Amino acid sequence: MLNLIRIAAVTGRVDPGSPAGCRKYLIEEIKKAGAHSPDVILLPSDILLPPSAQSLRRQGFMLDLCRQELSRLAEDLRELPSLLFVGLPVSLHGVTVSAMAALRQGELLGFVLPPSVPEGPLPKGFLPASAVFEAGGARLRVLPGCDAGKALQYGSLARDCDCLLLPCYEPARVGSADRAEQALNVLSRELGCAAVLCCGAGSDSSHPVCYRGFAVIAEAGETVSVQAEFGQSASLCYDIDLDIVRRFRDTLPAALAPAAYRFPAVPHDYALRSFSSTPYLPMEPEAERRSLREWFELQSHSLAARLSNTGIDRAVVGISGGLDSTLALLVCHRAAQLMRLSPDHILAVTMPGFGTSDRTHQNALDLPRKLGMSTMDISIVPAVGQHLADIGHPLDRHDVTYENAQARERTQILLDLGNQIGGIAVGTGDLTEEALGWCTFGGDALAGYNVNVTVPKTAIRRIVAMLAEESTDAELAAILRDILDTPISPELLPPDESGSITQKTEEILGDYEVHDFYLYYFVKYGFSPKKLLFYAENAFDDRYTEEQLRTWLATFLRRFVGGQFKRSAAPEAAAITDFGLSSMDFSVPSDMSARTLLRELEN
């Protein structure tokens with residue numbers, strides 16, 4: 001089950017002071033929205049007699065006309081399977097109030113009253129704002145006449161529902177749309193629910209105030225869809241993800257109010273939501289750059305804090321000429337700046353082995369020297385060769401023992417050098433490698449402190465690219481660009497006859513951007529394997545085949561579960577993202593089998 005609910009927000013157009021004219025405009029707009037088969041369609045409050053006709057709302061015959069036009073509207077939409085909310089003024093105990101008529105397939109379910117109406121016995125056909133509607137598996141409440149600011153006063157009504165529907169009719173003023181959008185995001189974030197605002201309408205009177213149609217949908221504290229129109233209808237239709245909404249909620253309600261009405265999901269054969277292939281980064285380029293910069297600064301400040309708090313002013317980092325160790329080295333350099341230490345307090349150690357290529361070795365030598373760091377170049381070939389001979393392992397057997405022996409030798413050198421100079425051995429492994437168990441237990445999985453372990457591989461590439469672009473040193477930028485152009489590899493197997501890398505990680509595991517995508521939604525929102533595949537097919541579109549995405553997902557699930565024992569012994573690090581794998585963020589049993597997850601994917 002995908003747990004998506006499709007909600008449409010339609011402001012429509014109005015004919016000022018004419019319920020019949022308003023209905024005629026609405027029919028067309030509702031049918032357009034209905035073509036997308038939404039589970040729910042929300043219209044603004046008072047859409048059949050807008051506030052521009054305020055004085056007419058007190059006259060009984062106008063209220064009767066609104067009821068008559070509502071009946072005609074319901075009859076015209078008898079075939080519509082959506083739950084429809086239409087705003088109109090009604091008389092309650094002789095007082096005119098703004099209500100929302102709930103309609104479905106021609107039937108009037110009742111009039112939902114504003115939350116300002118005191119709780120108590122109501123006439124037949126009226127429902128309190130606390131009434132719960134269930135559509136497509138989602139629990140909904142509608143608060144007539146409430147924008148996001150007013151709705152916060154009734155936060156208790158959101159505690160046991162997935163989505164708040166906020167129909168209102170407010171004048172348009174300079175900046176009001178931005179304020180309303182920001183307030184809706186705050187509401188969604190603080191109350192842990194999705195929120196839909198549907199306000200005003202097109203073509204309304206422009207005296208003494210101005211109106212416009214404005215609709216916005218927020219999910220987990222972020223705007224996912226927004227539109228504003230003056231002369232025309234603002235219309236949105238979006239699939240809200242209930243798994244995301246419910247995962248965002250941090251408190252349990254004392255009790256679940258029973259649903260007044262419950263309706264099944266309207267069938268959909270396509271998705272209506274935006275899918276980003278890098279959901280952990282903003283989609284807007286400048287916002288992404290700010291996010292990457294913040295990531296880098298948090299890494300640097302966390303390392304500086306660890307060094308300062310422990311009274312240590314030296315750090316040791318292994319540099320391979322690859323992306324991860326490059327970023328770790330740049331983080332160490334920035335941390336030294338923050339501590340007002342000279343760069344030579346950082347010892348960068350290059351440790352070429354059986355699989356090291358000339359290209360990566362040269363970059364590993366050039367980068368720390370360019371940054372003014374202390375350096376050491378220690379070949380691990382003699383030590384590893386001796387070790388393999390000691391345990392009776394043939395040097396030409398290129399298996400896991402052959403590979404891990406190299407990783408463990410490098411870690412031993414770094415830890416011993418840390419002891420020797422009184423410094424911390426800084427880990428370089430990233431979040432993606434930790435998730436996939438693509439590291440050696442007792443080898444590169446160990447460190448005194450890890451600066452990369454909460455940064456996915458895709459983000460590491462983009463951070464290094466950003467730093468290369470921002471650098472005013474042409475030589476440094478050229479080194480970074482060459483590192484970015486180098487295939488990702490642990491370089492534990494010998495290069496080919498031309499000296500080129502033969503062991504390319506993405507040819508073994510699958511593309512890192514796909515694994516990072518799976519990691520984000522699996523850890524942060526608990527998506528099922530089937531839903532992960534559905535999202536990936538939409539986010540990556542035609543870049544990968546369904547078979548590739550499915551194969552890589554199976555690889556991700558197997559390796560994620562199989563690598564838990566390594567994560568259980570991971571070094572300390574600062575959790576600077578909201579989808580990390582520290583024991584306080586996410587944990588599964590180390591001896592768990594991946595069979596259950598794989599079976600759900602296969603079925």
Side-chain angles (χ1 to χ4, degrees), residues 1-7 39 134-139 162-163 192-194 219-220 222 224 238-250 252 264-280 431-432 434-437 456 509-541 544-564 567 577-581 585-603:
M1 186 175 178
L2 295 176
N3 278 342
L4 300 175
I5 178 174
R6 182 164 298 176
I7 295 184
D39 297 288
E134 189 172 303
R139 292 171 57 84
D162 300 307
C163 184
C193 63
E219 176 189 82
E222 295 184 4
V224 291
Y238 197 83
D239 289 346
I240 291 174
D241 193 313
L242 299 179
D243 288 332
I244 291 177
V245 170
R246 290 164 181 169
R247 196 67 166 233
F248 199 76
R249 195 177 300 151
D250 57 3
L252 286 173
V266 177
H268 318 126
D269 56 4
Y270 57 94
L272 273 181
R273 63 179 284 126
S274 57
F275 295 90
S276 169
S277 59
T278 54
Y280 39 84
L431 177 60
T432 316
E434 180 159 274
L436 296 171
L509 300 177
D511 283 13
Y512 269 123
E513 67 171 348
V514 178
H515 286 299
D516 288 340
F517 180 90
Y518 290 148
L519 171 64
Y520 176 82
Y521 282 115
F522 185 68
V523 171
K524 185 171 182 179
Y525 295 118
F527 278 13
S528 69
K530 193 173 296 184
K531 187 166 181 175
L532 288 172
L533 184 61
F534 169 78
Y535 259 58
E537 288 173 339
N538 282 277
F540 294 104
D541 201 15
Y544 304 105
T545 66
E546 191 269 346
E547 182 181 359
Q548 284 177 307
L549 294 173
R550 182 181 292 272
T551 298
W552 294 342
L553 177 52
T555 297
F556 172 82
L557 296 171
R558 280 194 299 268
R559 294 196 65 93
F560 185 91
V561 171
Q564 178 60 39
R567 296 192 291 272
T577 65
D578 53 4
F579 62 107
L581 292 174
D585 294 321
F586 193 94
S587 182
V588 295
S590 296
D591 51 0
M592 172 184 168
S593 168
R595 284 193 302 270
T596 302
L597 297 173
L598 293 172
R599 190 177 298 120
E600 201 272 350
L601 176 62
E602 292 164 1
N603 292 339

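Here the structure is a predicted model, which means the values were calculated and not measured.
- Under the side chain to side chain contact (heavy atoms under 4.5 Å, CB included) criterion, N538 pairs with A271, F275, F534, not counting sequence neighbours.
- Applying the salt bridge (Lys or Arg N to Asp or Glu O under 4.0 Å) test to D516 and every residue at least two apart in sequence or in another chain returns nothing.
- A cation-pi arrangement is not found for K524 relative to Y520, the charged atom failing to lie both closer than 6.0 Å to the ring centre and inside a 45° cone about the ring normal.
- Of the possible polar contacts, none joining the D39 side chain to the I5 backbone as a donor-acceptor pair under 3.5 Å is found.
- In this structure, the side chain of D511 does not engage the main chain of E513 through any donor-acceptor pair within 3.5 Å.
- With hydrogens and angles ignored, the 3.5 Å screen pairs no side-chain donor or acceptor of T278 with any backbone N or O of Y280.
- T551 meets the side chain to side chain contact (heavy atoms under 4.5 Å, CB included) test with E547; sequence neighbours excluded.
- The cationic group of R567 lies under 6.0 Å from the six-membered ring centre of F560 and within 45° of the ring axis, placing it in a cation-pi geometry.
- Side-chain contact, Y535 with R273: a donor N or O sits under 3.5 Å from an acceptor N or O.
- With sequence neighbours left out, the side chain to side chain contact (heavy atoms under 4.5 Å, CB included) criterion links V224 to I217, E219, Y238.
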Donor-acceptor contacts under 3.5 Å from residues 595-603 side chains, at least two apart:
{"unit_1": "R595", "atom_1": "NH1", "unit_2": "S593", "atom_2": "OG", "d": "3.3"}
{"unit_1": "E600", "atom_1": "OE1", "unit_2": "K530", "atom_2": "N", "d": "2.9"}
{"unit_1": "N603", "atom_1": "ND2", "unit_2": "R599", "atom_2": "O", "d": "3.2"}

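- A cation-pi geometry, defined here as NZ or CZ lying under 6.0 Å from the six-membered ring centre and within 45° of its normal, does not hold between R559 and Y518.
- Under the side-chain hydrogen bond (donor to acceptor under 3.5 Å, both in side chains) criterion, E537 pairs with no residue at all, not counting sequence neighbours.
- Salt-bridge formation is detected for the pair D239/R6: a Lys NZ or Arg NE/NH1/NH2 atom is positioned less than 4.0 Å from an Asp or Glu carboxylate oxygen.
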